[in-house]
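Notes to accompany the following structure.
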Amino acid sequence: MHMERIPPARAGPAEVQPLGCAPADLPAVLDQRLLRDDPERISRQLARRGLELDLTGLQQIALQERDLEEQRSTLQAEGNRVGKEVGQRIRAGASPNGPEVQELREQGNRLKQQVAGLEEEEKALEVRLREQLLALPNLPSEQTPDGASEADNVERKRWGEPRRPAPGETLQEHWQIAERLALVETERSVRIAQSRFVTLQGAGARLERALISFMLDRHAKRGYTELLPPILVNTASLTGSGQLPKFAEESFRCAEDDLWLTPTAEVPITSFHRDEVIPSDQLPLRYAAYTPCFRREAGSYGRDTRGLIRLHQFNKVELYWFTRPEESEAAHEQLTRDAEAILEALELPYRRLELCSGDLGFSAARTYDLEVWLAGAGAYREISSCSTCGDFQARRANIRLKAEKGTRLVHTLNGSGLAVGRTMAALLENGQQADGSVQLPAALVPYVGSDRLQPTA
RNA sequence: GGAGAGGUGGCCGAGUGGUCGAAGGCGCAGCACUGGAAAUGCUGUAUAGGGGCAACUCUAUCGAGGGUUCGAAUCCCUCCCUCUCCGCCA
């Protein structure tokens, strides 16, 4: 799911403290060499996202940091030489407290002080640089069409025949159907948690579970390795995949621990291989993971308040690839096809949009959104977002592959395969019958045990 | 929650102040031997950053951060993590 545009620093009722985290060991976000050599190129690319930034200030910091590093390491080399010489002289018989050794010691101390001063400056620059770089989104891919907003997204394909109401027929929205069939309990869920939480019950709960199994089985058959990762993740994990530091207000955080509730399985899966060097012949790695997902949905008050479309907690099956850089483009097509295959198996009409540069999520370089047809609403709604992040997440999470010479950053890709709640909504709206029942696609029968949801009357 | 042990290279594992980026082994790669292979032998095999067309070279890194010292994997302090036992739990 791509990031919703969030009004900056708008605090929700349960306000999350600003994090103020930028540990010094966090990785760089953009290639620092590119920043030093050609900041214009970065600016041009970010401008395609609608970010007008002058990076010459950052470039200056980066250049300055490099100069300091040069000076510092020269002094350190000198200090190392002095240190060695002391040892050699003493071993050669010089008195440890004699004048010549004493002289070297003082020289060593002088160098040490100089190094300490430079180091301090260098570190300060580095922290500033990283803080700012971590807040910059990924650069759009060359293939990504230019555009300012949602309105400029490009439709790439349609599949299936959208169901329209027959003459005299009124199609209901999924929340109406869910209520009638007693699939979802909304009001009591507010008692348990708060609004935007639901309890599925009876056939609703069963259908949700069936969909999860169905999706995972399909993906497993296509070669995905199933993962069931932790859904509480630490700050480094959220930073690695790009949710932090910018989108802290979108995630739920555990107050007593360095742990957050995952907004998507993309987060734990990215960190599944964080700080690893993956042997090239193991790539691509393909994972499918079911997880609940948690989002604060700050700034979307009043939108989609009914039903299963926008919840603080929802279920999702996520697809995730780690690939060699040269394979990621083909992988993106394949991953998207794998998500589409679920929609097709469920006989749900959909269309594929390619997001324009202005509508890309923070970590994405290129994104296809899949939108499913909701017959009751009479509209296409996002049900999957399939992105390639290039090396953006790999750089933040330090995930590389063993190359001929040295290592290279891998490419990461992710996509929902699919958002389960929205899938249920689509099934209800598209399968609704005049008699009040809901016809289910044949593919689900082995999982649900029936081809129809009946009103309990 | 209580008590203890430990964090060293892709992995195992040595190393308690001075050419230690780190012995040895495993793994991997190349070469030799072979009809081919196994076994064997030899050689090579960390990462990041800076400089150089390159050969190469400098710096940093032995969980993290600080300290002592001319010099720290080794000594001191703080923190994090992992493991074992007990308790509690699913």
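We name chains A, B, ... by the order of the sequence lines, and we start the count at 1 in each one.
Using the Watson-Crick or G-U wobble rule with both distances under 3.5 Å, B:A60 pairs with B:U47. Nucleotide B:C33 forms a pair with no other nucleotide shown, judged by Watson-Crick or G-U wobble geometry with both contacts under 3.5 Å. Across all strands shown, B:G6 forms a Watson-Crick or G-U wobble pair with B:C81, both key distances being under 3.5 Å. In a base pair of the Watson-Crick type (N1 to N3 plus N6-O4 or O6-N4) or a G-U wobble (N1-O2 and O6-N3), with each distance short of 3.5 Å, B:C88 is matched with no nucleotide. Under the Watson-Crick and G-U wobble criteria, each requiring two contacts below 3.5 Å, nucleotide B:A73 is left unpaired. Base pairing annotation: B:A54 forms no Watson-Crick or G-U wobble pair, as no partner gives both donor-acceptor distances under 3.5 Å. Nucleotide B:A39 forms no Watson-Crick or G-U wobble pair with any nucleotide shown, as no partner meets the under 3.5 Å limit on both distances. B:A23 is unpaired under the criterion used here, namely a Watson-Crick or G-U wobble arrangement in which both key atom distances are under 3.5 Å.
Looking at which nucleotide of RNA chain B each of A:Val277 and A:Arg91 is closest to, the 5′-most match is held by A:Arg91.
Rounded to whole Å, the distance from CG on A:Asp258 to P on B:C81 is 9 Å. At whole-Å resolution of the value, CZ in A:Arg66 and P in B:A48 are 19 Å apart. Taking atom CZ on A:Arg400 and atom P on B:A46, their separation rounds to 13 Å, with Å as the unit. When the P atom of B:A64 is taken as reference, atom CG of A:Asp275 falls 12 Å away, rounded to whole Å. Residue A:Arg110 contributes atom CZ, which lies 11 Å from atom C1' of B:C70 at whole-angstrom precision. Across the protein-nucleic acid pair, A:Gln71 atom CD and B:G51 atom C1' stand 14 Å apart, rounded to whole Å. With rounding to whole Å, A:Glu65 atom CD is found 9 Å from B:G50 atom P. Remark: P of B:C80 and CG of A:Leu259 are 14 Å apart, rounded to the nearest angstrom.
A:Leu111 comes within contact range of no nucleotide atom at all, as no heavy-atom separation falls under 4.0 Å.
Side chains of A:Asp275 and A:Asn398: a donor-acceptor N/O pair is present below 3.5 angstrom, by distance only. A donor-acceptor contact under 3.5 angstrom links the side chains of A:Ser385 and A:Asp369, judged on distance only. At a cut-off of 3.5 Å, with distance as the only test, no side-chain donor of A:Asn80 or A:Gln76 sits close to an acceptor on the other residue. A donor-acceptor pair shorter than 3.5 Å can be found between the side chains of A:His411 and A:Ser328.
A distance of about 43 Å separates the C1' atoms of B:C53 and B:U34, rounded to the whole Å. The same atom, C1', is picked in B:G1 and in B:G10; the two are 38 Å apart, to the nearest Å. For the C1' atoms, the distance linking B:C12 with B:A23 amounts to 14 Å, nearest Å. Across B:A64 and B:C81, the matching C1' atoms stand 10 Å from one another, rounded to whole Å.
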Open item on the list: Treating primed atoms plus P, OP1 and OP2 as sugar-phosphate and everything else as base, which nucleotides of nucleotides 53-63 of chain B get B, S or - for protein heavy atoms under 4.0 Å?
Closed with: -----SSS---

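Between A:Thr270 and A:Glu266 there is a side-chain heavy-atom pair separated by less than 4.5 Å.
In this model, the phosphate group of B:A46 is not approached by any side-chain N or O of A:Lys402 to a distance below 4.0 Å at OP1 or OP2.
Salt bridge status for A:Arg381 with A:Asp304: present, with a side-chain N to carboxylate O gap under 4.0 Å. A salt bridge between A:Glu326 and A:Arg408 is present, with a side-chain N of the basic residue lying under 4.0 Å from a carboxylate O of the acidic one. Between A:Arg191 and A:Glu187 there is no salt bridge, since no side-chain nitrogen of the basic residue lies less than 4.0 Å from a carboxylate oxygen of the acidic one. Under the 4.0 Å criterion applied to side-chain N and carboxylate O atoms, A:Glu297 and A:Arg196 are not assigned as salt-bridge partners.
In this structure, of B:G65, B:G18, B:G51, it is B:G65 that holds the atom nearest to the side chain of A:Lys123. Nearest to the side-chain atoms of A:Thr407 among the listed nucleotides B:C70, B:A48, B:G50 stands B:A48. The nucleotide whose nearest atom lies closest to any side-chain atom of A:Glu70 is, among B:G18, B:G50, B:G65, B:G50.
Checked against side chain to side chain donor-acceptor pair (under 3.5 Å), A:Gln132 has no partners two or more places apart in sequence or in another chain.
Listed by residue number, the members of residues 98-106 of chain A with any heavy atom below 4.0 angstrom from RNA chain B are A:Arg105.
Checked against the 6.0 Å centroid criterion, the rings of A:Tyr287 and A:His273 qualify as a close aromatic pair.
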